Amino acid sequence: MFPPDFAWGAATSAFQIEGGWQADGKGPSIWDTFCHEKGNVFGDQTGDVACNSYELWEKDLECIQQLGLTHYRLSVSWARLLPDGMTQHVNQRGVQYYNRVINDLLACNVSPMVTLYHFDLPQALHDLGGWKSPEIATLFDNYAKFCFQTFGDRVKFWITINEPHICAKLGYEDGIHAPGLKEKGTTAYLVGHNMLRAHAKAWHSYNSEYRAKQKGAVSLAFNSDWFEPLDPSCSADITATEREFAFTLGWFAWPVFVTGDYPETMRFAINSQSQKLGFDGTSRLPTFSDDDPFILGTADFFALNYYTARKVKAGGGVDQTLSMKSDLDAKEVLDPSWPICGAPWLAVVPHGLRKLLRYIKDTFHNPMVYITENGFSQMGPVQIEDWERWEFYSSTISEVAKAIQEDGVNVRGYFAWSLMDNFEWADGFSVRFGLFHVDPSDAELSRTMYRSGREYARIISKYKTSGQAK
Ligand code: GAL
């Protein structure tokens, strides 16, 4: 059913679970600042304590063991390791914390997959220009090299940046994620550009300085929905669907896997819109120069975060304003037959993952794929017997099996989002994605296994190691 040594994982990220926002010398990140400002997060909740994984790591490890995971995806907090973001000042207590996490995982036979950047830029670097400044690529590379040097003897899977598309769009265009900027139609492209430059620099550092000795693999995690035309016989809807793919997945995966540059569709759409609005001749989508690190080929595997699907209808761009929305000029529509789970954006479409995997195989030269996030959310009353979530996981996992067996996609692992309920960004704790329930108002922050966790553990023990059902 699954390749032998298929990775069965679950994922979390530092800001969403650790808490300890000022503990032992940690510096603030843009998410600390963002949630301390009123009105940005549901109920003005913060990540100050979150699941308190900084103090309760053993509890997380117990959850990981109960599930029988082979892999655990976590992120390290840049500002916990380097409080002002720079390598001149290392917070040894932060290093100790992650050493302990990594060593404990390995002692339990669980391989860590470590993300270096999961939305939480050190505030000090943001104050110096952050992702808008070209200097960030060197600062990120120094941070990455520090992590490879410190943890790379034991960590064999690295993700440099999680979901650059979400970071750039939600943080700098829509302003609903930190740092909360709404600089429409320009900054997100610049931020995305610097993220690609930063990623590529770090990949090259690993490749030339660490790979021979450490023998690990480095990538970045793309997010993409599955898109299909609302009317499959309408050519405008078909090209709008191509634009959706280009502006979401292609924006980052095309440069890394196909040409070293942005998809033509994307540049064309942005430039045409600029022209219409009488914007000057310089493209709002930056260009890579000879001084930039070479982008093509800077991923050792394809890391995909998949959650949902959308139908696409042409048009809907707001013609007279500069924005990503008008550049894209497409409308996303939900198929009424798709159930919504928890968060309103989350239509349940497991078969979309199989189609997306096939698309990735065909578009990006049949890469080795890890599904680094996929999950189902709950809102309102807590249901520990979360059969719907389990149904979702079970059908998604069987779609993955079909993609492997029938479509020949080289999928090597699957990570459920998330190990436990946690701080769901602007939704705070109101949206729950866990395989374990955590109640933020419980003083103990105990972890209680959901039914879906129990069932996932059953599937893992069935297929673990040999890939064949036991
Ligand atoms: C992803 C993100 C995760 C998690 C998830 C569920 O975009 O990487 O941190 O929040 O969405 O919304």
Side-chain angles (χ1 to χ4, degrees), residues 9-19 29-31 34-35 40-42 45-47 50-51 53 60 72-78 113-121 159-174 176-178 188 192 195 199 219-226 248-249 251-253 303-310 340-349 352-353 356 370-379 386 389 392-393 396 414-436 438 440 452:
T12 57
S13 87
F15 189 80
Q16 292 176 279
I17 64 164
E18 284 178 2
S29 80
I30 53 172
W31 264 97
F34 189 69
C35 51
N40 287 335
V41 173
F42 172 87
Q45 292 170 334
T46 70
C51 305
S53 293
D60 298 355
Y72 176 56
R73 176 173 176 235
L74 68 142
S75 82
V76 290
S77 153
W78 190 343
M113 177 183 274
V114 174
T115 305
L116 296 174
Y117 185 77
H118 200 124
F119 303 177
D120 50 351
L121 188 70
I159 300 288
T160 53
I161 298 178
N162 180 66
E163 301 188 347
H165 165 261
I166 290 288
C167 286
K169 181 166 184 299
L170 270 48
Y172 299 83
E173 169 88 11
D174 301 340
I176 56 174
H177 273 195
M195 286 184 166
H199 156 77
S219 188
L220 70 171
F222 309 110
N223 62 283
S224 185
D225 298 345
W226 167 248
T248 311
L249 186 57
W251 182 1
F252 298 96
L304 172 72
N305 296 354
Y306 170 79
Y307 283 91
T308 189
R310 294 286 184 266
I340 301 290
C341 78
W345 57 270
L346 227 175
V348 183
V349 198
L353 177 55
L356 183 59
Y370 283 84
I371 298 155
T372 38
E373 280 182 35
N374 173 248
F376 179 105
S377 70
Q378 217 181 64
M379 282 177 89
D386 57 344
R389 182 187 271 134
F392 160 85
Y393 273 124
T396 307
Y414 175 86
F415 291 73
W417 181 272
S418 173
L419 180 65
M420 58 195 158
D421 295 340
N422 58 44
F423 179 83
E424 178 50 22
W425 308 116
D427 290 324
F429 300 95
S430 67
V431 171
R432 299 180 299 274
F433 272 96
L435 293 164
F436 283 79
V438 180
S452 56

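Whatever order the structure lists ligands and atoms in, that order sets their numbers, starting from 1. Only a predicted model underlies this, so the values are computations on that prediction, with no experimental measurement involved.
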Subset of ligand 1 atoms that lie under 4.0 Å from at least one heavy atom of [X]:
X	result
Trp345	12 (O)
Trp425	3 (C), 4 (C), 9 (O), 10 (O)
His118	2 (C), 3 (C), 8 (O), 9 (O)
Glu424	4 (C), 6 (C), 10 (O), 12 (O)
Phe433	6 (C), 12 (O)

How close do Val348 and Phe376 get, heavy atom to heavy atom, and via which atoms? CG2-CE1, 3.8 Å

Are Phe423 and Phe429 close enough that their ring centers fall under 6.0 Å? yes

So which protein heavy atom does [atom] come closest to, and at what separation?
atom	answer
atom 7 (O) of ligand 1	Glu163 OE1, 2.4 Å
atom 5 (C) of ligand 1	Tyr307 OH, 3.2 Å
atom 3 (C) of ligand 1	Glu373 OE1, 3.4 Å

Applying a heavy-atom cut-off of 4.0 Å, say which part of Phe376 lies close to ligand 1: side chain, backbone, both or neither. neither

Using a 4.0 Å heavy-atom cut-off, which part of Val431 comes near ligand 1: side chain, backbone, both, or neither? neither

So, does Ile166 sit close enough to ligand 1 that a heavy atom of it is under 4.0 Å from the ligand? no

Applying side-chain hydrogen bond (donor to acceptor under 3.5 Å, both in side chains) to Asn305 and Glu163, what does each step give before you reach the verdict? CA-CA 8 Å; Asn305 296 354; Glu163 301 188 347; 2.8 Å; yes

Rounded to the nearest 0.5 Å, what's the gap from CE on Met379 to CG on Asp427? Could you check? 6.0 Å

When rounded to the nearest 0.5 Å, the distance separating CZ of Phe34 from CG of Leu121 is 14.0 Å

Report yes if Ser13 has an N/O atom closer than 3.5 Å to an N/O atom of ligand 1; otherwise report no. no

Evaluation steps, side chain to side chain contact (heavy atoms under 4.5 Å, CB included), between Phe436 and Cys51: CA-CA 11 Å; Phe436 283 79; Cys51 305; over 6 Å; no

Look at the aromatic rings of Phe433 and Tyr307 and report parallel, tilted or perpendicular, splitting at 30° and 60°. perpendicular

Leu249 versus Phe252: any side-chain heavy-atom pair under 4.5 Å? no

